[in-house]
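What follows is a single structure, written as structure tokens, with notes after it.
Any value given below was found using the heavy atoms of this structure, including those in side chains, with hydrogens, waters and symmetry copies removed. Naming convention: chains lettered A, B, ... in sequence-line order (proteins, then strands); numbering from 1 in each chain.
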Amino acid sequence: MTETNTPPPTDFIRDIIDEDNRTGRHDGRVATRFPPEPNGYIHIGHAKSVCLNFGIAVQYGGTCNLRMDDTDPEGESLEFVESIMSDIRWLGFDWEDRLFYASDYFEALYDFAWRLIEDGKAYVCNLTPDEMREYRGSFTEPGTESPGRSRSIEENLDLFSRMRAGEFADGAYTLRAKIDMASPNIVMRDPIMYRIKRAPHYRTGDEWVIYPMYDFAHGLSDALEGITHSICTLEFENNRPLYDWFVEQLIPGDRPQQIEFARLNVSYTVLSKRRLIELVTRGFVNGWDDPRMPTVAGMRRRGYTPAAIRNFAAAIGVAKNDNLVDAGLLESCVRDDLNETAHRAMAVLRPLKVVLDNYPEGRSEEFDCANHPQKPELGSRRVPFSRILYIEREDFEEIPPKKYKRLAPGKEVRLRNAYVIRFDRLVKDEKTGEILELHCTCDPETRNGPPADGRKVDGVIHWVSAEHAVPAEVRLYDRLFGIPDPAGEDYLDHLNPDSLQVLKGCFAERSLGEAAAGSRWQFERIGYFCADEKDSLPGKPVFNRIVPLRDTWSKIAARK
RNA sequence: UGGGGGAUCGUCUAGUGGUAGGACACAAGAUUCUGGAUCUUGCUACCGAGGUUCGAAUCCUUGUCCCCCAGCCA
């Protein structure tokens with residue numbers, strides 16, 4: 001976990017826990033849980049919840065369970081279970097031996113339901129889905145009681161056991177809690193506890209044809225695990241009375257309490273499971289781990305660090321306000337972490353050939369370059385230099401704008417870690433006018449310092465030696481959507497067509513040739529890059545742009 | 001429309017009757033062999049209207065706006 005000295009976070013949930021501990025509400029215990037449904041990959045919003053639940057457990061010396069909330073077999077799978085586990089571990093959290101599944105409680109839940117029927121608090125209902133909707137009433141009108149409500153306990157028990165035995169067709173019956181069809185809270189209008197659904201479950205197979213609903217299963221699962229603080233998102237606030245109702249009917253003594261906080265929204269992306277699934281299945285991105293995805297797997301492949309995501313979670317806080325967090329804050333956390341840890345290197349994304357006319361042909365030399373200018377302890381590597389180099393195309397302008405500090409006619413510039421060079425002439429393609437190469441003169445006296453005559457050279461550009469450079473593919477990622485809040489049903493219309501730009505003809509300095517898959521670098525003056533986990537090969541590196549460096553110049557240039 | 005929540009700098013978030021603070025963003029300067037990093041400085045907020053009080057973001061009244069709920073999803 002993070003080793004920062006920042007004070008422990010405080011928020012309204014921790015306030016509640018402090019107060020509970022003060023009054024001894026749960027005997028001073030703190031037990032949380034993270035309860036994903038394994039029907040998709042977890043994303044940055046889940047990561048916020050993971051940090052909250054596991055973070056609280058660590059902070060209070062309590063426990064946090066991982067529980068797969070797998071009560072609806074449709075869409076659930078082992079693939080998702082495994083991805084969720086690996087993502088949480090990667091984030092830096094540990095559930096130790098406390099991995100649970102709601103599906104492990106199916107038998108216990110069935111018994112709970114049985115008891116409720118025996119107590120006359122649940123009944124088998126034969127309404128069709130359409131009828132059920134009609135009987136439910138509306139916001140302003142109370143519901144109507146189901147005919148099944150007056151069934152005898154014996155008949156309910158018989159019907160329920162036959163539901164389990166598979167005697168009825170899917171949807172023919174439901175088990176409902178007998179609460180209040182006139183409740184102003186629609187959740188309390190005799191909610192469904194069980195439905196018949198012949199779908200194979202990825203864990204229980206065809207053992208069950210009835211499956212418990214979330215509202216029935218969740219609070220009781222919490223109680224079974226001895227959870228004290230059941231933290232969930234705001235849309236479950238209406239469900240809290242029902243959560244409490246089930247638990248109060250069936251659980252004596254100390255009961256878990258549900259606390260709701262606002263789910264995370266991040267600008268220029270979507271975080272609803274439905275939309276994420278659509279992006280993947282309809283091929284708008286290349287899978288759940290596409291580096292543009294806000295999934296943990298996507299961010300990991302992009303090159304984001306666990307620490308950056310944890311710091312982000314701490315920075316956004318926990319509250320009940322609707323929010324749309326600036327994607328720039330996440331990027332800032334990523335830069336902040338990478339600035340400390342990433343080794344520097346040079347790579348040219350859009351090469352422009354430079355010939356140093358006064359540098360002897362066939363000669364080469366090596367420079368010792370710091371891996372981190374502020375951290376000598378991170379060491380250095382040897383970077384070869386020779387007569388023919390590549391520089392970034394945008395680091396030369398024939399007609400430079402005001403304040404331009406790079407190479408231009410009549411100008412000198414420092415080659416990073418190497419010599420000062422002066423522009424002499426250029427060669428253009430006669431037909432297209434495209435600049436083919438630059439010819440420059442290198443000042444051999446400037447290898448280890450500024451020009452002796454006091455000339456000021458304030459521009460510094462990066463370069464690679466053509467002879468020694470490693471060809472590389474670089475994938476530039478940008479925000480997935482073109483508008484800050486793509487929340488509407490037309491969100492696909494706002495996909496950013498330039499969210500991925502693949503650059504094939506890039507050149508990286510020699511040391512980058514063997515970049516380990518997943519390794520992160522700062523390409524000086526450009527940004528942070530990560531050797532792609534899947535596609536990067538020794539000698540044939542593929543880099544993902546994690547996040548660009550802050551670019552003050554582009555802002556200045558854009559103003560004019 | 002019934003019920004449940006929420007409104008504080010551009011964004012996120014502190015504050016719980018006593019100087020409205022932090023982070024991101026933004027702006028200016030210093031420094032720099034990364035137009036990066038670092039440092040310094042600045043910037044902007046209590047949804048409206050009444051009231052209580054010596055004093056209100058905080059308490060009261062009232063209004064406005066936003067979000068969630070009518071899946072056999074979670």
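Between A:Arg416 and A:Glu524 a salt bridge is recorded (basic side-chain N to carboxylate O distance below 4.0 Å). Ion pair A:Glu340/A:Lys375 flagged as a salt bridge, since at least one NZ, NE, NH1 or NH2 atom sits closer than 4.0 Å to an Asp/Glu carboxylate oxygen.
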Each nucleotide of nucleotides 64-74 of chain B classed B (base within 4.0 Å of a protein heavy atom), S (only sugar-phosphate) or -, in 5' to 3' order, makes ---SBBBSBSB

Heavy-atom contacts, protein to nucleotides 33-43 of chain B, under 4.0 Å, summarised as B (base), S (sugar-phosphate only) or - (none) per nt, yield BBBBS------

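Residues satisfying the side-chain hydrogen bond (donor to acceptor under 3.5 Å, both in side chains) test with A:His372, not counting sequence neighbours, are A:Arg344. Among residues two or more places apart in sequence or in another chain, the side-chain contact (heavy atoms from CB on, under 4.5 Å) test is passed with A:Asp485 by A:Leu324, A:Ala487. A:Tyr304 pairs by the side-chain hydrogen bond (donor to acceptor under 3.5 Å, both in side chains) definition with nothing, not counting sequence neighbours. For A:Arg263, the side-chain hydrogen bond (donor to acceptor under 3.5 Å, both in side chains) test picks out A:Glu235, with sequence neighbours left out. Residues passing the side-chain contact (heavy atoms from CB on, under 4.5 Å) test with A:Arg133, sequence neighbours excluded: A:Asp130, A:Arg136. Residues satisfying the side-chain hydrogen bond (donor to acceptor under 3.5 Å, both in side chains) test with A:Arg479, not counting sequence neighbours, are none.
Proximity of A:Lys320 to the phosphate of B:rA7: no side-chain N or O atom is located under 4.0 Å from OP1 or OP2.
Using a 4.0 Å heavy-atom cutoff across all strands shown, A:Thr140 reaches at least one base atom of the nucleic acid.
Spacing between B:rC65 and B:rA70 at atom P, rounded to whole Å, works out to 23 Å. Remark: the separation of the P atoms in B:rA45 and B:rU34 is 37 Å, to the nearest Å. Taking atom C1' in both B:rG50 and B:rG18, one finds a spacing of 23 Å when rounded to whole Å. With P as the reference atom, B:rA28 and B:rG36 are 13 Å apart, rounded to whole Å. Here the separation of B:rA74 from B:rC59, taken at their C1' atoms, is 39 Å to the nearest Å. Atom C1' of B:rC24 sits at a distance of 14 Å from the matching atom of B:rU44, rounded to the whole Å. B:rG48 and B:rC54 are spaced 26 Å apart, taking the C1' atom of each and rounding to whole Å. Nucleotides B:rU16 and B:rA56 have their P atoms positioned 15 Å apart, rounded to a whole Å.
One can place CD1 of A:Ile316 at 16 Å from C1' of B:rA25, the figure rounded to the nearest angstrom. In this structure, the CG atom of A:Asp180 is 13 Å from the C1' atom of B:rG2, given to the nearest Å. The separation between A:Asn321 atom CG and B:rA7 atom C1' is 7 Å, rounded to whole Å. Rounded to an integer number of Å, the gap from CD of A:Glu260 to P of B:rG6 is 10 Å. Rounded to an integer number of Å, the gap from CG of A:Asn323 to C1' of B:rA23 is 15 Å. The CG atom of A:Asp485 sits 11 Å away from the P atom of B:rC12 (whole-angstrom rounding). One can place CG of A:Asp15 at 15 Å from P of B:rU13, the figure rounded to the nearest angstrom.
Counting only residues at least two apart or in different chains, side-chain hydrogen bond (donor to acceptor under 3.5 Å, both in side chains) contacts with residues 317-334 of chain A comprise A:Glu237-A:Lys320. Screening residues 266-275 of chain A for side-chain hydrogen bond (donor to acceptor under 3.5 Å, both in side chains) gives A:Asn39-A:Lys273, A:Ser272-A:Arg275, A:Arg274-A:Glu489, A:Arg275-A:Glu489 as the qualifying pairs, with residues at least two apart or on separate chains. Sorted by first then second residue, the side-chain hydrogen bond (donor to acceptor under 3.5 Å, both in side chains) pairs that include residues 170-186 of chain A, not counting sequence neighbours, are A:Asp170-A:Arg198.
Remark: A:Arg164 qualifies as a cation-pi partner of A:Tyr110 under the 6.0 Å distance and 45° angle criteria applied to the six-membered ring.
Glycosidic conformation at B:rG71 (O4'-C1'-N9-C4 for purines, O4'-C1'-N1-C2 for pyrimidines): syn, within 90° of 0.
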I would like to know whether A:Asp190 and A:Tyr135 meet side-chain hydrogen bond (donor to acceptor under 3.5 Å, both in side chains); could you show each step before the answer?
CA-CA 10 Å; A:Asp190 289 11; A:Tyr135 276 62; over 6 Å; no

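Stem regions for RNA chain B, each three or more consecutive Watson-Crick or G-U pairs with both distances under 3.5 Å and listed by first number, read B:2-7 with B:64-69, B:10-13 with B:21-24, B:26-30 with B:38-42, B:47-51 with B:59-63.
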